[in-house]
Amino acid sequence: MVQHHRPSLLLHQQQRKGEAAAEEGQQVGPEEGAGKMKELRRRLVDFACHHRKHGHDALLRMLAGFALVSCLLLLLPGSPFSAAVDDLLQMGRTRLDDETPPPPQPPCAAVAKGTICCDRTAMRSDVCVMRGDVRTEATSNSLFLVVPPDNSTASAVQDERIRPYTRKWESSIMNTIDELRLHAVPEGAAAPARCDVRHDVPAVVFSTGGYTGNVYHEFNDGIIPLYITARQYNKKVVFIMLEYHDWWMTKYGHIVEQLSDYPPIDFTNDRRTRCFPEAVVGLRIHDELTIDATRMSGNQTIQDFRRMLDGAYRGRIQTIIEEEEKAATVALGTPTHGSIRKRRALKDDKPRLVIVSRNGSRSIENEAELVRAAVGAGFRVAVLQPQQDTELAKMYRALNASDVMVGVHGAAMTHFLFMRPGSVFIQVVPLGTDWAAETYYGEPARRLGLRYMPYKIKAAESSLSRQYAKDDPVLTDPATVNAKGWQVTKKVYLDGQNVRLDMARFRHRLRDAYKHWTEQRRRHHAVRETEQRKPW
């Protein structure tokens with residue numbers, strides 16, 4: 001909000017009056033302004049002399065007159081006094097705007113050398129920081145902090161235990177995560193005697209276990225927290241992974257390479273003692289698929305995370321296109337000369353809509369009808385059916401190039417992270433999933449800069465309407481059913497429900513999405529034309 005200081009506001013009003021007078025042919029020059037000031041001073045002096053007999057009262061009036069003159073000097077257009085005061089006020093405003101307070105430091109951010117600090121205040125995860133001579137020992141699932149004998153810190157610090165995963169409130173899943181022991185010991189004690197590998201950069205230790213295998217949890221519980229925790233090191237950090245999986249690295253290796261210049265370490269199978277100047281055990285997490293800029297040292301947001309994804313997949317996507325060109329050359333027997341890229345450029349006259357299809361529960365029963373409706377609405381349509389082994393670069397390529405994504409609530413909606421800000425995300429919300437759809441995907445999509453258009457189905461569009469009576473709470477009051485617990489919600493609404501879209505209703509969403517694309521394209525062209533007209 002702009003704060004108007006009264007002197008500058010009055011000055012603006014004086015200038016407006018001067019402009020109005022000029023328009024009427026009444027030129028107000030500096031000579032006339034000076035003459036008016038002299039006349040004002042003369043009258044004040046005469047007034048004071050005339051009322052000399054009043055003594056003290058006259059003196060007070062004279063002082064009041066001089067105060068009035070001073071105010072007029074400050075407010076008179078063109079006055080150097082007025083300009084100086086306005087500059088001072090502007091400097092004050094600029095300083096207040098520029099002095100944005102730095103983000104608050106998380107607990108254990110400032111840890112003295114030779115100490116272990118554990119932050120257990122967060123609901124979602126614990127994070128411990130070890131600073132000094134940190135050594136690994138996989139055989140005992142331990143990290144040792146070796147301190148000099150004359151350092152009293154070791155005797156004061158208690159050993160810590162931590163499971164480095166970001167769902168600490170779920171005891172059932174946390175019990176599957178390997179527990180690490182963190183020890184502070186004096187030099188020459190039970191710690192490994194020597195370093196087989198000495199690193200000069202910190203380590204970040206985390207688990208790739210838990211709900212791994214579900215793309216939502218892989219991003220929400222792992223990849224985004226890894227970005228939040230490691231980004232501050234500018235790739236000068238080594239990742240130590242518990243429950244290491246080769247397939248996980250195959251799937252997310254391109255992202256890991258954007259966050260670290262070093263190969264990751266499989267902690268369990270690494271028998272060498274590695275030494276680090278610092279170790280962060282556990283990952284920080286902010287919210288669902290979200291990054292809170294006020295808690296980041298560089299004020300990064302989820303849009304910065306997405307730009308990182310751009311860098312991660314750009315090279316692989318280029319390779320995929322080249323492989324397609326080669327395959328087309330072999331099939332046709334003649335070189336394509338980049339025909340795939342050219343065909344894609346020619347298709348930009350229509351917006352691209354991607355349907356993220358589901359198998360099993362919460363599938364769209366009339367998906368073919370949806371495709372026809374989208375084509376009829378003016379879209380170029382593609383249907384994606386992601387599998388466990390689908391290469392993420394291919395998903396990123398398809399969604400990064402799309403203008404609209406349509407899908408039913410579920411883990412696959414995590415792929416909205418691959419869409420460009422300004423695109424449209426239509427999430428079909430089955431019965432009983434309103435809160436989850438909004439919390440896990442709707443609000444995070446808005447933060448990314450997408451135009452989020454939820455489509456909440458009616459009871460008649462749910463397959464549950466064929467299983468329950470019209471007045472059954474399953475159809476009429478899902479909140480009451482959900483109140484019975486997660487297992488009931490999962491059985492009834494997540495695992496037991498499909499969707500048959502009312503295309504008459506859904507076409508309104510398609511029209512809204514097409515209109516949004518048209519407006520976005522018009523603005524984009526206007527900006528581009530403006531840039532082209534600029535003299536360089």
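Salt-bridge formation is detected for the pair Arg135/Asp133: a Lys NZ or Arg NE/NH1/NH2 atom is positioned less than 4.0 Å from an Asp or Glu carboxylate oxygen. Under the 4.0 Å criterion applied to side-chain N and carboxylate O atoms, Arg194 and Glu137 are not assigned as salt-bridge partners. We find that Lys326 and Glu322 are not joined by a salt bridge, their nearest charged nitrogen and carboxylate oxygen being 4.0 Å or further apart. A salt bridge is absent between Arg181 and Asp159; no separation between the charged side-chain nitrogens and carboxylate oxygens falls under 4.0 Å. Of the charged side-chain nitrogens involved, none lies within less than 4.0 Å of a carboxylate oxygen, so that Arg163 and Asp178 do not count as a salt-bridged pair. For the pair Glu218 and Lys251, the salt-bridge criterion is met [side-chain N within less than 4.0 Å of a carboxylate O].
You'll find the side chain of Leu145 stays beyond 4.5 Å of the side chain of Leu182, heavy atoms only. At a threshold of 4.5 Å between non-hydrogen side-chain atoms, the residues Leu180 and Val281 count as touching. When side chains are defined from C-beta on, Phe305 counts as touching Ile223, because their heavy atoms get closer than 4.5 Å. Between Met296 and Arg284 the shortest side-chain heavy-atom distance does not fall below 4.5 Å. A heavy-atom distance below 4.5 Å is not found between the side chains of Val129 and Asp119. Counting heavy atoms from C-beta on, the side chains of Gln385 and Asn359 come closer than 4.5 Å. Counting heavy atoms from C-beta outward, Ile302 and Ile224 have side chains that approach closer than 4.5 Å. When side chains are defined from C-beta on, Leu399 counts as touching Met405, because their heavy atoms get closer than 4.5 Å.
Heavy atoms from other residues, nucleotides or ligands lying under 6.0 Å from NZ of Lys456 number 12 at most. For Arg131, the CZ atom is densely surrounded, since the number of other residues' heavy atoms within 6.0 Å is greater than 12.
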Note to self: Please evaluate residues Tyr252 and Phe219 with respect to the criterion ring pair (Phe, Tyr, Trp, His ring centres under 6.0 Å), reporting the C-alpha separation (whole Å), side-chain torsions for both, the decisive distance (0.1 Å), and the verdict.
What the structure shows: CA-CA 10 Å; Tyr252 294 108; Phe219 271 91; 5.6 Å; yes
Next item on the list: Could you please spell out the steps behind the side-chain contact (heavy atoms from CB on, under 4.5 Å) verdict for Tyr396 and Leu309?
Entry: CA-CA 9 Å; Tyr396 193 89; Leu309 293 181; 3.7 Å; yes
Notebook entry, point to check: Are Glu438 and Arg446 close enough, and set up right, to give a salt bridge (Lys or Arg N to Asp or Glu O under 4.0 Å), and what steps lead you there?
Noted result: CA-CA 10 Å; Glu438 173 64 23; Arg446 294 189 191 94; 2.6 Å; yes
Next item on the list: Could you go through the salt bridge (Lys or Arg N to Asp or Glu O under 4.0 Å) check for Arg124 and Glu288 one step at a time?
Entry: CA-CA 11 Å; Arg124 296 171 179 261; Glu288 309 298 334; 2.9 Å; yes
Next item on the list: Apply the test disulfide bond (SG atoms under 2.5 Å apart) to residues Cys118 and Cys128: give CA-CA distance (whole Å), side-chain angles for both, the deciding distance (0.1 Å), then the verdict.
Entry: CA-CA 4 Å; Cys118 288; Cys128 293; 2.0 Å; yes
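There is no side-chain donor-acceptor pair under 3.5 Å between Glu179 and Asn141.
Thr329 places a side-chain N or O within 3.5 Å of a backbone atom of Glu325 that can act as its donor or acceptor partner. Between the His217 side chain and the Asn214 main chain, no donor and acceptor come within less than 3.5 Å of each other. The closest donor-acceptor contact from the side chain of Arg362 to the backbone of His409 lies under 3.5 Å.
Legend: side-chain hydrogen bond (donor to acceptor under 3.5 Å, both in side chains) pairs involving residues 197-213, not counting sequence neighbours, sorted by first then second residue: Glu170-Tyr211, His199-Arg274, Ser207-Glu243. Identified under the disulfide bond (SG atoms under 2.5 Å apart) test for residues 224-302, with sequence neighbours left out: Cys195-Cys275. For residues 220-231, the pairs satisfying salt bridge (charged side-chain N to carboxylate O under 4.0 Å, His left out) are Arg167-Asp221, with sequence neighbours left out. Among residue pairs with one or both ends in residues 400-413, those qualifying as salt bridge (charged side-chain N to carboxylate O under 4.0 Å, His left out) are Arg352-Asp403, Asp403-Arg420; sequence neighbours excluded. Pairs of residues two or more places apart, or lying in two chains, that qualify as salt bridge (charged side-chain N to carboxylate O under 4.0 Å, His left out) and include a residue from residues 309-318 are Arg306-Asp310, Arg316-Glu323, Arg316-Glu391.
For Thr301, the side-chain contact (heavy atoms from CB on, under 4.5 Å) criterion is met by Ala293, Gln303, Asp304, not counting sequence neighbours.
Ring geometry for Trp517 against Tyr514 counts as tilted: the plane angle lies between 30° and 60°, on a 0 to 90° scale.
Considering Arg523, Arg522, His524 in turn, Arg523 is the only one that fulfils the side-chain hydrogen bond (donor to acceptor under 3.5 Å, both in side chains) rule with Gln520. Checked options Tyr441, Tyr440, Tyr493; the residue passing with Trp435 is Tyr440 (criterion: ring pair (Phe, Tyr, Trp, His ring centres under 6.0 Å)).
In plain terms, the two heavy atoms of Val215 and Ala411 that are nearest each other are CG1-O, 3.2 Å. Looking at every heavy atom in both residues, Cys117 comes nearest to Val111 through CB-CG2, 3.8 Å. In terms of heavy atoms, Ile228 sits closest to Ile285 at CD1-CA, 4.4 Å.
How far CE of Met395 is from OH of Tyr313: 10.5 Å, rounded to the nearest 0.5 Å.
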